[in-house]
Amino acid sequence: MKISIVTVCLNSSQMLRSTLASLEKEKQECGNHVEIEQIVIDGGSLDDTVELVKSYPDIRLVTESDKGMYDALAKGLALVSGDIIGYLNAGDIMMPHALSVLSDIFSKNDIDWVTGYSCLINQKCQITAAWKPTRYRREFVLNGFYADRKYPRGIQQESTFWTSKINKKIPFQQLSKFKLAGDYFLWTEFAKHTDLHSIMTLLGGFRIHSGQLSERQGDYWEEAKTVVRMPTIREEMTAYWETKCNPAFRGLLWPFILPQPEARIFEYNHNHQEWSPR
């Protein structure tokens, strides 16, 4: 199996070092089991970013001016040739054995889109917080519940991966116009075609640092609203039932909520030595 990882950057060599190092470790751990394709889209850095990337001879480097992060990402996702695709921003890291887990799960299950634990790291790459993924609902992706933070669990980009099948469905020209919420645009595009499945493991780590675009939550939601629809009353009630409802009253609301989502949650079965859905 071939896994493609895209990284976009601009004058971020210090942040980029840990990202490239984490993927280099993955190459060594995977051996011949997984082929890893790395593509770095650089926006014309003036620091030593280009020299750093060129020190890794297996990385494909594109360096040219762009119109922003998602314009660069659109270029990278259009270039990938892997069976499985994801992207890491400069500073984010791939967790040990993550790509091996992805290879095992995608090769044995007819699925197109997965995510793992949400994981935060600091400047030393120390894990500072992590929480389990939920059983995601396509309706909640499409109505924006996972974007506005009213729902407790969003979809963390560096822990999310998809197949070449749905990568081909991305309207790259539209993606290139986003400034903040391009990731959520991707999620809505994918949700039109397939469910987001969850894996009970760490796949990627999101680095917290000052000045990052994710700090602008209000602006992020304003842009995300351009690609989501209004929720139905039943969807609103389901979200309330899942997150805030007193357990004693849940039975009363049961007839009015959405049915169980078709998305699966993969856990490792130690008896059978394999990742199994539930």
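In the hydrophobic clustering of this structure, Leu99 groups with Tyr268; members are Ile, Leu, Val, Met, Phe, Trp, Tyr whose side-chain heavy atoms approach within less than 4.5 Å, directly or through other members. Linking Ile, Leu, Val, Met, Phe, Trp and Tyr residues whenever their side-chain heavy atoms come within less than 4.5 Å places Phe145 and Leu196 in a single cluster. At a threshold of 4.5 Å between side-chain heavy atoms, the hydrophobic network of Ile, Leu, Val, Met, Phe, Trp and Tyr places Phe172 and Leu73 in one connected group. The hydrophobic clustering, which links ILVMFWY residues whose side-chain heavy atoms are closer than 4.5 Å, places Tyr117 and Trp131 apart.
In this structure, the ring of Trp162 has its center less than 6.0 angstrom from the ring center of Phe190.
A donor atom on one side chain and an acceptor atom on the other are not found under 3.5 Å apart for Asp92 and Thr19. Using modelled atom types, one finds no donor on one side chain facing an acceptor on the other under 3.5 Å when comparing Gln157 with Asp183. Under 3.5 Å, the side chains of Asp42 and Ser45 contain a donor-acceptor pair of N or O atoms. Looking at Lys2 and Ser81, their side chains do bring a donor and an acceptor atom within 3.5 Å of each other. The closest side-chain donor-acceptor pair between Asp112 and Thr163 falls under 3.5 angstrom.
We find the CG-CG distance between Leu88 and Leu23 to be 5.5 Å, quoted to the nearest 0.5 Å. Going from atom CG of Leu202 over to atom NE2 of His97 covers 12.0 Å, rounded to the nearest 0.5 Å. Interatomic distance, CH2 of Trp241 versus CD1 of Ile257, reported as 4.0 Å (0.5 Å rounding).
In this structure, Lys75 pairs ionically with Glu64, as a charged nitrogen and a carboxylate oxygen lie closer than 4.0 Å. Of the charged side-chain nitrogens involved, none lies within less than 4.0 Å of a carboxylate oxygen, so that Glu51 and Lys54 do not count as a salt-bridged pair. For the pair Asp195 and Arg135, the salt-bridge criterion is not met [side-chain N within less than 4.0 Å of a carboxylate O]. A salt bridge does not link Lys169 to Glu189: none of the charged side-chain nitrogens sits closer than 4.0 Å to a carboxylate oxygen. Under a 4.0 Å N-O distance rule, the pair Arg229/Glu235 qualifies as a salt bridge.
The shortest non-hydrogen separation linking Asp48 to Ser13 is OD1-OG, 2.5 Å. What you find for Ala98 and Leu203 is that their closest heavy atoms are CB-O, 3.4 Å. Here the shortest heavy-atom pairing between Leu180 and Tyr70 reads O-OH, 3.3 Å. Residue Leu10 comes nearest to Gly44 through the heavy atom pair CD1-C, 3.9 Å, listed as atom of the first residue, atom of the second, then distance. When all heavy atoms of Thr7 and Asn89 are compared, the closest pair comes out as CG2-C, 4.3 Å. The shortest heavy-atom contact between Cys119 and Met95 is SG-CE, 3.4 Å.
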Under the salt bridge (charged side-chain N to carboxylate O under 4.0 Å, His left out) criterion, do Glu223 and Lys179 qualify, and how do the steps go? CA-CA 8 Å; Glu223 192 172 74; Lys179 300 302 180 185; over 6 Å; no

Between Lys108 and Glu274, is a salt bridge (charged side-chain N to carboxylate O under 4.0 Å, His left out) present by the stated rule, with each step listed? CA-CA 10 Å; Lys108 297 177 182 178; Glu274 65 179 7; 5.0 Å; no

Would Ile36 and Glu26 count as a side-chain contact (heavy atoms from CB on, under 4.5 Å) here? Give the steps. CA-CA 9 Å; Ile36 301 173; Glu26 281 295 273; 4.1 Å; yes

For Tyr56 and Gln38, run side-chain contact (heavy atoms from CB on, under 4.5 Å): C-alpha distance rounded to whole Å, both residues' side-chain angles, the deciding distance at 0.1 Å, then the answer. CA-CA 10 Å; Tyr56 292 86; Gln38 283 180 261; 5.7 Å; no

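Two residues are said to be in side-chain contact when any heavy atoms from C-beta on lie closer than 4.5 Å; Ser198 and Thr134 fail this criterion. Using a 4.5 Å heavy-atom cutoff, the side chains of Leu186 and Ile170 are in contact. In this structure, Tyr136 and Ile265 have side chains that are not in contact, with every pair of non-hydrogen atoms separated by 4.5 Å or more. Between Phe178 and Tyr184 the shortest side-chain heavy-atom distance does not fall below 4.5 Å. Within the 4.5 Å cutoff, the side chain of Glu37 has no heavy atoms near those of the Ile3 side chain. Residues Trp254 and Arg250 form no side-chain contact, since every pair of their non-hydrogen atoms from C-beta on lies 4.5 Å or further apart.
Remark: side-chain polar atoms of Ser176 are not paired, donor with acceptor, to backbone N or O of Asp71 under 3.5 angstrom.
Annotation: Ile233, atom CD1; neighbour count of heavy atoms from other residues, nucleotides and ligands within 6.0 Å does not exceed 12. Enclosure of atom CD in Glu262 is not indicated, since only 12 or fewer non-hydrogen atoms of other residues, nucleotides or ligands lie within 6.0 angstrom. Annotation: Asp110, atom CG; neighbour count of heavy atoms from other residues, nucleotides and ligands within 6.0 Å does not exceed 12. Around CD of Gln173, the count of heavy atoms belonging to other residues, nucleotides or ligands within 6.0 Å does not exceed 12.
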